[in-house]
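I have placed the structure first, in the form of structure tokens, so that the comments after it can refer back to it.
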Number of protein chains: 2
Amino acid sequence: MKRIALYHLETLLWIARLGTFRAAAERLNTTQPAISARVREIEDQLGIAVFRREGRNMVLTARGRRLVQECEPLWAGFEKALLTASGFEGATGVVRIGSGEIAAASCLPGFVHAVERELPGVTLELELDLTARMFQQLLGGTIDLAFLAGPVASPGIRTAPIGAVGLVWVASAATVRAGGFDQSLPVWSIPDHSPLHGVTVGSLSAHGIVPRSLGTCNNVRTLIDIVSGGGGAAVLPEPMVRQMLESGALAEVLPRPDRTIQFEAAIRRTESDPLVLELFRRAGELRIES
Amino acid sequence: MKRIALYHLETLLWIARLGTFRAAAERLNTTQPAISARVREIEDQLGIAVFRREGRNMVLTARGRRLVQECEPLWAGFEKALLTASGFEGATGVVRIGSGEIAAASCLPGFVHAVERELPGVTLELELDLTARMFQQLLGGTIDLAFLAGPVASPGIRTAPIGAVGLVWVASAATVRAGGFDQSLPVWSIPDHSPLHGVTVGSLSAHGIVPRSLGTCNNVRTLIDIVSGGGGAAVLPEPMVRQMLESGALAEVLPRPDRTIQFEAAIRRTESDPLVLELFRRAGELRIES
DNA sequence: CGCAATCGATAACAGTCTCTGATCAATGAA
DNA sequence: TTCATTGATCAGAGACTGTTATCGATTGCG
């Protein structure tokens, strides 16, 4: 009984969350046989069946479910006790972070740097994806913490604002020299998932402009490449193009839109891992500014 | 961080209780170097000093003390969750039981047998000692559960009555044939720690008997040997001499005293180990009768 | 002061455990 | 059926844990 370690319980909790041994193995950075072995150890030690075969999946038995329920708060409390004891300096573990591309450009460098400086021992695994998919991944347990653009709200998700960045209308210097912003200039934007899209459309109609075309690209870096290559104009986050504006590669072609892009950090509302909560707290202390 | 197991915490808790690594090692049925290694593992994992050298002892640091305080209920919670999950059938561990000699004769056989039948995997370590010393051992953590004779009360100790046995005045058959109980017959008893002593003295004065001598022996079995060898008369628990009464080796020499010997189970009031609490609960369900 | 007792640290070695990687059987979907 | 997925199993390598036998440091006692 005493030979049950914390990672046994952690394993149990992640299997319960993710549904399969394999997913838990991936989440815990190990292999499926190792997960099987841990489960078998738990069952041997306790002398009960925690899982029951159901088709090709394993499902918690009644006792197993109860055990998980009882252990979850205990495990969280335990992690918290250990982490606070070491002032989070001895924090160890892997935290998966998802981020939208715009948020990544603005938030991730500073955040990652701060974590690596203040919490060595914590490994971050970053994954850039669309905001929409991020929610699934958060709720599904594939990621623990997300950085998103635009005010979002969803049941089961807890968010904290971490700042905003201004927007600018830019086009390549060559485009400006060739006549500036007129109706013949293509406009590029991000698919309508993103708040950037709304700002682009709104700003165009506010200026009474109907562009020749409104192209979209789901990758902001590529979009910048397109614009800087003379492909048209776009509304972009100021920090992402600041350098190119300063170097003259890009130029502003319309007044800056009033609206800003809000950034938020997000976690599961039911998150109990103290390390994730601590990272969320620290993320909330980030102040992103133009 | 995840590599900390439950026994690491248990180790910490027992060091905190007992004061030295060595004592904890003995209590946990292992060696002192193993304890040192566990402590080092905890400190390495947390990156903090849990103990500080103080003369030739190790003392908890402020952080260490806090960690212990926070972990104690968590550890108990884990143990309880695991034990209840397995219905105590998978219970594993060593529980130290202290017992007075009289209580041992009346309570231990049944209790030990029940535990071995219903809770295989639980190892009991029995130690017979004087009631007075039992309290020290309980409070000091050397034993976890005690069986005692006579109503006792002490701060820091929780007790539960588990029954009573009647008393008989006995002497050897030879002694009875030689004239029965008269003033010339020596009386034997236990030192005044025990309630038996009070009963012996009270019963003598109630019968107006002043014995030739009142010897004491701190070992009841030896005392029985003395009496059955013709050495005198004594007040003894009925179950302990029943067989010798039936076989005729001993005979009753005075009316049975009204008073009985009460038996109680005792644990630390602060006890948190679910296994010990469970054994205490089961002990409380014992019903000892004459 | 010297001596014995106690405390904890350390090193070497043996035994055990745990993980990985490569399979295999069972199940369900195309 | 064929293929993809899930978990079980097994052999081997590597890491970990515990024990024994020591050591240095400190304390208490003559």
Side-chain angles (χ1 to χ4, degrees), chain A residues 1-46 48-61 64 68 92-94 123 140-142, chain B residues 1-46 48-61 64 68 90 92-94 121 123 140-142:
Chain A
M1 178 82 68
K2 303 292 162 47
R3 305 213 66 80
I4 293 185
L6 289 182
Y7 61 80
H8 285 115
L9 298 177
E10 194 186 12
T11 302
L12 220 53
L13 297 184
W14 277 109
I15 298 173
R17 277 182 211 161
L18 300 179
T20 72
F21 286 22
R22 199 169 286 271
E26 193 173 334
R27 184 54 177 67
L28 293 170
N29 291 308
T30 183
T31 57
Q32 170 262 318
I35 301 294
S36 289
R38 292 179 189 175
V39 171
R40 182 155 24 83
E41 281 162 24
I42 294 176
E43 293 187 329
D44 286 352
Q45 292 287 324
L46 296 186
I48 62 169
V50 178
F51 289 95
R52 176 183 64 239
R53 184 138 227 143
E54 186 104 350
R56 67 179 171 190
N57 291 327
M58 299 295 271
V59 192
L60 281 168
T61 62
V68 167
T92 290
V94 178
T123 304
T142 310
Chain B
M1 178 83 69
K2 305 293 163 49
R3 304 213 67 79
I4 294 184
L6 290 181
Y7 62 80
H8 285 114
L9 296 185
E10 196 184 10
T11 303
L12 220 53
L13 298 183
W14 277 109
I15 297 174
R17 277 183 211 160
L18 301 180
T20 72
F21 286 22
R22 200 170 285 272
E26 192 173 334
R27 185 53 178 68
L28 294 170
N29 292 308
T30 183
T31 58
Q32 170 261 316
I35 301 294
S36 289
R38 292 179 189 175
V39 170
R40 182 154 26 81
E41 280 162 25
I42 295 176
E43 293 187 329
D44 286 352
Q45 293 287 325
L46 296 186
I48 63 169
V50 178
F51 289 95
R52 177 182 64 239
R53 187 139 223 141
E54 186 105 349
R56 68 179 170 190
N57 291 326
M58 298 295 269
V59 191
L60 281 169
T61 62
V68 167
T92 291
V94 178
T123 304
T142 310

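Every chain is numbered from 1 and lettered A, B, ... according to where its sequence line falls, protein lines coming before strand lines. Computed from heavy atoms alone, side chains included, the values below leave out hydrogens, waters and symmetry copies.
What separates CG of A/Asn57 from C1' of D/dG7 is a distance of 9 Å, to the nearest Å. Taking atom CD on B/Glu54 and atom P on D/dA25, their separation rounds to 18 Å, with Å as the unit. Atom CZ in B/Arg22 sits roughly 13 Å away from atom C1' in D/dA25 (whole-Å rounding). Straight-line distance from the CD1 atom of B/Ile4 to the C1' atom of D/dC16: 15 Å, rounded to whole Å.
Atom CD of B/Glu41 has more than 12 neighbouring heavy atoms from other residues, nucleotides or ligands inside a 6.0 Å radius. Enclosure of atom CD in A/Glu26 is not indicated, since only 12 or fewer non-hydrogen atoms of other residues, nucleotides or ligands lie within 6.0 angstrom.
For the atom pair CD1 (B/Ile35) and OH (B/Tyr7), the distance works out to 10.5 Å, reported to the nearest 0.5 Å.
Closest of all the heavy-atom pairs between A/Gly141 and A/Arg27 is O-NE, 3.3 Å. Considering every non-hydrogen atom in both A/Phe51 and A/Thr61, the closest pair reads C-CG2, 3.7 Å. For A/Ile15 against A/Ala24, the heavy-atom pair with the smallest separation is CG1-CB, 3.6 Å.
Protein chain A touches strand DNA chain C; the 5'-most and 3'-most nucleotides with an atom under 4.0 angstrom of its non-hydrogen atoms are C/dT18 to C/dG28.
Judged by closest nucleotide on DNA chain C, B/Gly19 is the one of A/Arg53 and B/Gly19 placed further toward the 5' end.
Near-neighbour residues of DNA chain C inside residues 24-43 of chain B, defined by a heavy atom below 4.0 Å, number-ordered: B/Gln32, B/Pro33, B/Ser36.
Between A/Glu10 and A/Leu28, some side-chain heavy-atom pair lies under the 4.5 Å cut-off.
Counting only N and O atoms by type, the side chains of B/Arg38 and B/Thr11 include a donor and acceptor under 3.5 Å apart.
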